[in-house]
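For the numbers below, each heavy atom of this structure counts, side chains included, while hydrogens, waters and symmetry mates do not. Nothing fancy with the numbering, it's 1 onward along the sequence. Whatever order the structure lists them in is the order used to number ligands and atoms, beginning at 1.
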Amino acid sequence: MKIGVAKEIKTDEYRVALTPAGARELTDRGHDVVVEHGAGDGSAFPDSAYEAVGAQIASVDDVWNDSELLLKVKEPIAPEYDRLREGLVLFTYLHLAADEDLTRALIDSGISAVAYETVETSNRALPLLAPMSEIAGRLAAQAGAYFLEKPLGGRGLLLGGVAGVAPGRVLIIGGGIVGYNAAVIAIGLGANVTILERSIDRMRHLEQILSGRVSLVMSNTLQIEESIVEADVIIGAVLIPGARAPKLITRGMLKSMKDGAVFCDVAIDQGGCAETSKPTTHTDPVYVVEDVIHYCVANMPGAVPITSTKALTNATLPYVEAIAGQGLSEAVARDPALAKGVNVLEGKITYEAVAEAHDLEYAPLEGVLV
Ligand SMILES: NC(=O)c1ccc[n+]([C@@H]2O[C@H](COP(=O)([O-])OP(=O)(O)OC[C@H]3O[C@@H](n4cnc5c(N)ncnc54)[C@H](O)[C@@H]3O)[C@@H](O)[C@H]2O)c1
């Protein structure tokens with residue numbers, strides 16, 4: 001199959017959808033890999049690294065026009081809509097339920113589009129979203145430690161303490177993928193870590209893997225009120241699938257927190273879990289409310305494109321290999337997880353939630369495939 005890798009043109013996006021290592025796996029299997037000139041630059045993969053593993057470097061027009069399968073990271077944006085076409089399979093993050101213009105552009109073009117974020121395994125895991133949550137969780141602990149420094153407006157506390165001086169306290173609300181990874185780094189820094197979680201099954205699992213290294217406590221309003229008073233860093237890491245994040249921290253509750261404490265709201269991409277949360281960017285990541293530093297960067301993994309690109313492509317490559325090796329129809333017939341990723345097939349919406357979100361016609365995948 002002819003596999004194209006497009007350069008991302010969205011502002012501040014430095015990731016690329018395939019590493020040279022991934023390209024090597026595909027060329028070894030006999031596929032033609034065509035990478036847009038400069039596509040890997042932001043992730044420190046020069047064109048020469050792709051050429052060295054047998055990929056070709058081409059112009060943006062050639063990559064989009066000649067590919068059968070096109071790999072991207074972010075959803076196509078308006079200047080790319082004219083490039084969408086029948087016969088092309090697009091594999092990327094799409095987030096269509098939030099983007100009616102793109103949904104209509106995909107339908108009108110007759111393209112087939114598979115969304116990373118809706119690939120879902122039978123145990124309801126989202127394998128192509130998980131790597132970004134891992135990275136965001138780890139970054140959240142780092143950001144918390146960093147913004148505690150006095151010159152940055154923080155309390156002036158070393159999170160790990162030193163011999164004879166107690167470490168800082170990190171409170172993580174939500175013990176999923178973000179929360180677990182934040183805990184791992186905070187523990188590594190030497191902090192005193194508490195995780196508030198509301199799923200007992202998840203707490204049992206965390207108890208097994210983090211036993212003795214964190215306090216695991218049931219999450220409820222009273223517990224949150226009591227815990228935030230003591231915290232030096234709070235990490236918001238809750239998720240209720242398909243819903244906006246619950247507002248667990250009110251403006252009034254912030255008043256009881258320590259001055260110069262840091263609140264990293266990783267759940268900001270779902271609206272944030274505090275009343276006072278609003279999205280920020282890497283260029284201007286923090287603001288202060290009630291003397292609490294708020295770090296609410298909506299695309300945290302964007303800060304570390306080398307790591308993010310590798311982590312993302314580690315997760316996507318098996319699916320890319322399946323689509324390239326078997327063709328989309330056969331690959332989705334064999335793998336129900338990949339089938340869930342198909343949002344648009346030959347111009348028809350095959351993902352019910354997307355059709356519902358925009359009041360458009362839903363065509364179940366099985367019906368379109370036959
Ligand atoms: N800002 C970013 O760059 C970025 C990057 C990746 C993920 N995220 C976001 O981080 C959030 C967490 O993602 P995840 O992958 O860890 O999700 P996850 O589903 O793995 O974990 C969420 C956890 O929150 C728990 N939870 C739900 N309500 C709770 C409550 N009231 N109190 C305590 N715990 C509660 C759930 O039981 C679950 O264990 C999501 O909103 C996700 O979109 C943001």
Note: ligand 1 atoms sitting under 4.0 Å from heavy atoms of Pro301 are 3 (O)

Atom 7 (C) of ligand 1: closest protein heavy atom, distance to 0.1 Å, is Ser133 OG, 3.4 Å

In terms of residue, atom name and distance, what is the protein heavy atom nearest to atom 21 (O) of ligand 1?
Gly176 CA, 3.1 Å

Using a strict 4.0 Å threshold on nitrogen-to-oxygen distance, state whether Glu321 and Arg29 make a salt bridge.
yes

Please write down residue, atom name and distance for the protein heavy atom closest to atom 12 (C) of ligand 1.
Ala237 O, 3.6 Å

Below 3.5 Å, N or O to N or O, backbone or side chain included: is there any such pair between Val266 and ligand 1?
yes

Which residue holds the protein heavy atom closest to atom 34 (N) of ligand 1, what is that atom called, and what is the gap in Å?
Gly174 CA, 3.4 Å

Nearest heavy atom to atom 24 (O) of ligand 1 wins, so pick from Val297, Leu239, Thr280, Ile173.
Leu239

Short list, please: which atoms of ligand 1 are under 4.0 Å from a heavy atom of Ser219?
30 (C), 32 (N), 33 (C)

I would like to know whether Glu149 and Arg155 meet salt bridge (Lys or Arg N to Asp or Glu O under 4.0 Å); could you show each step before the answer?
CA-CA 6 Å; Glu149 292 177 21; Arg155 297 195 66 218; over 6 Å; no

What I want to know is whether Arg202 and ligand 1 share at least one N or O pair that is separated by under 3.5 angstrom.
no

List ligand 1 atoms under 4.0 Å from Ala267, heavy atoms only on the residue side.
41 (O)

Gln270 vs Arg244 side-chain heavy atoms within contact, under 4.5 Å
no

Does a donor on one side chain and an acceptor on the other come within less than 3.5 Å for Ser199 and Asp201?
no

Among protein heavy atoms, which lies nearest atom 20 (O) of ligand 1, and at what distance?
Ile177 N, 3.0 Å

Report the nearest protein non-hydrogen atom to atom 8 (N) of ligand 1: residue, atom name, distance rounded to 0.1 Å.
Asp269 OD2, 3.5 Å

Intermediate values then yes/no, side-chain hydrogen bond (donor to acceptor under 3.5 Å, both in side chains), Asp12 and His282:
CA-CA 9 Å; Asp12 281 343; His282 286 295; over 6 Å; no

Answer yes or no for Lys72 and Tyr93: cation-pi contact, defined as NZ/CZ to six-membered ring centre under 6.0 Å and angle to ring axis within 45°.
no

So is Ala298 polar-close to ligand 1, meaning N/O to N/O under 3.5 Å?
yes

Quick one: nearest non-hydrogen protein atom to atom 41 (O) of ligand 1, plus distance?
Gln270 CG, 3.1 Å

Who gets closest to atom 37 (O) of ligand 1 by heavy atom: Met132, Arg198, Glu197?
Glu197

Return a table of donor-acceptor pairs under 3.5 angstrom between the side chains of residues 294-303 and protein atoms on other chains or two or more places apart.
{"unit_1": "His294", "atom_1": "ND1", "unit_2": "Val292", "atom_2": "O", "d": "2.9"}
{"unit_1": "His294", "atom_1": "NE2", "unit_2": "Thr276", "atom_2": "OG1", "d": "2.8"}

Leu196: numbered ligand 1 atoms lying under 4.0 Å from its heavy atoms
33 (C), 34 (N)

For Lys258, does the NZ atom sit with more than 12 other heavy atoms under 6.0 Å from it, leaving out its own atoms?
yes

Any Leu129 heavy atom less than 4.0 Å to ligand 1:
no

If you compare all heavy atoms of Ile224 against all heavy atoms of Met253, which two are closest, and at what distance to 0.1 Å?
CG2-CE, 3.5 Å

Hey, which atoms in ligand 1 end up nearer than 4.0 Å to a heavy atom of Ala136?
4 (C), 5 (C), 6 (C)

Does the side chain to side chain contact (heavy atoms under 4.5 Å, CB included) test come out yes or no for Val289 and Arg251, once each step is laid out?
CA-CA 8 Å; Val289 182; Arg251 182 179 282 268; 3.5 Å; yes

For Ile240 and ligand 1, does the shortest N/O to N/O distance drop below 3.5 Å?
no

For the NZ atom of Lys348 and the CG atom of Leu106, what is their distance to the nearest 0.5 Å?
14.0 Å

List every atom of ligand 1 that sits less than 4.0 Å from any heavy atom of Asn299, numbering the atoms from 1 in the order shown and giving each element.
3 (O)

Just checking Arg24: does its CZ atom have more than 12 heavy atoms from other residues, nucleotides or ligands closer to it than 6.0 angstrom?
no

What protein heavy atom sits nearest atom 16 (O) of ligand 1, and how far away is it?
Val178 N, 2.8 Å

